[in-house]
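Position 1 is the first residue of the sequence; numbering continues from there. Remember, it's a predicted structure, so these values are computed and weren't measured experimentally. Heavy atoms only: backbone and side chains are in, while hydrogens, waters and symmetry mates are out.
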Amino acid sequence: MGILSAFAPDEAVRSVTEIDLDALAERGIEGMLIDVDNTLLDKGLSQLDDRRREWLERANEMFSICLVSNSFSGRRVRTLTEQFGFPGVSVWAHDRKPLRAGICRALSLIGTPPERTVMIGDQLMTDILGGNRCGLYTIWVEKIGDREFFLTRWIHRPLEAAIRRWLARRGMLPEPPAAARNDEP
C-alpha cells in the first residue's frame, strides 16, 4: 500500500472514553500505552475530567498501563502515574515517539508483548506511527484541545492533515461511529 499506510490506525474514536475496554480484552489485549497531551489531558491542564478519570480507573483495573509522552519535563506524566500507580515514560531525544526506543521501554515496564498491547494517542505522526512500527494495535483519538507544542502545531498537524486525506481516500482511516461523535462536546 505504500509508506503512508504506516500511519493508519486500527481504530478511531472521538475520545478515550469511547474506547470499548471489554472489546479490547476480548481481542486479547493485556497492556496499554497511552499518550498524555491532547489524549488524556488538554495541554496545560494537570487534572483529568470526571469521564476520563473514570475510564482510566476502569482501564487500570483491566490492563497493565504505561503512559508514554514526548515531553521535556515529564511533570504531567509523573502527576498521573502517582495518582494511578502505573508507570510512565517521558521521551524527548533519541527515544521520542515515533522512534521505537521509548515505546520498547514502556513495553518492558508493563511486561506485555507488542501483539497484546494497544497504543492510544491523538497524533498519527507520533503515537500511531510509533505503535504501528512496534507491532501494537493502535487507536487514534481526536485531540482534546487546540493548545499544542509549537512543533506539533506548525509541522506535525499540517503533515498529519495531508496524511489523513491520503488515508481517507484509500479507505484506510477508520471513522469514529456516528452516534459516538455526538456523545461528548
Report the distance from atom [atom1] of [X] to atom [atom2] of [Y], rounding to the nearest 0.5 Å.
X	Y	atom1	atom2	value
Thr17	Arg58	OG1	CZ	12.5 Å
Phe63	Ile34	CZ	CD1	9.5 Å
Thr79	Leu41	OG1	CG	9.0 Å
Ile65	Thr117	CD1	OG1	11.5 Å
Arg78	Ser71	CZ	OG	8.0 Å
Ile103	Ser108	CD1	OG	12.5 Å

May I ask you to decide if [Y]'s main-chain N or O and [X]'s side chain share a donor-acceptor pair within less than 3.5 Å?
X	Y	answer
Thr39	Asp122	yes
Arg52	Val16	no
Asp127	Gln123	yes
Asp10	Ile139	no

Begin with the C-alpha distance, continue with both residues' side-chain angles, and end with the deciding distance and a verdict on side chain to side chain contact (heavy atoms under 4.5 Å, CB included) for Asp35 and Thr126. CA-CA 10 Å; Asp35 175 55; Thr126 58; over 6 Å; no

Should [X] and [Y] count as side-chain neighbours, where that means a heavy-atom distance under 4.5 Å?
X	Y	result
Phe7	Glu160	no
Gln83	Gln47	yes
Leu99	Arg133	yes
Glu30	Pro113	yes
Val77	Val89	no
Leu56	Met32	no
Trp140	Leu173	yes

Taking all heavy atoms of [X] and all of [Y], pick out the closest pair and write down the distance.
X	Y	value
Gly121	Ile128	O-CD1, 4.3 Å
Cys66	Leu109	SG-CD1, 4.2 Å
Pro174	Ala12	O-CB, 3.0 Å
Pro87	Ile110	CG-CG2, 4.0 Å
Arg105	Ser90	NH2-O, 4.1 Å
Ser64	Thr112	CB-CG2, 4.3 Å

Would the number of heavy atoms belonging to other residues, nucleotides or ligands and lying under 6.0 Å from CG of Asp22 be above 12? yes

Tyr137 and side chain to side chain contact (heavy atoms under 4.5 Å, CB included): which partner among Asn132, Ile120, Val118?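 Considering Asn132, Ile120, Val118, a side chain to side chain contact (heavy atoms under 4.5 Å, CB included) with Tyr137 is found only for Val118.
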
Take Ile163 and Met125 through the side chain to side chain contact (heavy atoms under 4.5 Å, CB included) test and state the conclusion after the steps. CA-CA 9 Å; Ile163 292 168; Met125 300 286 295; 3.6 Å; yes

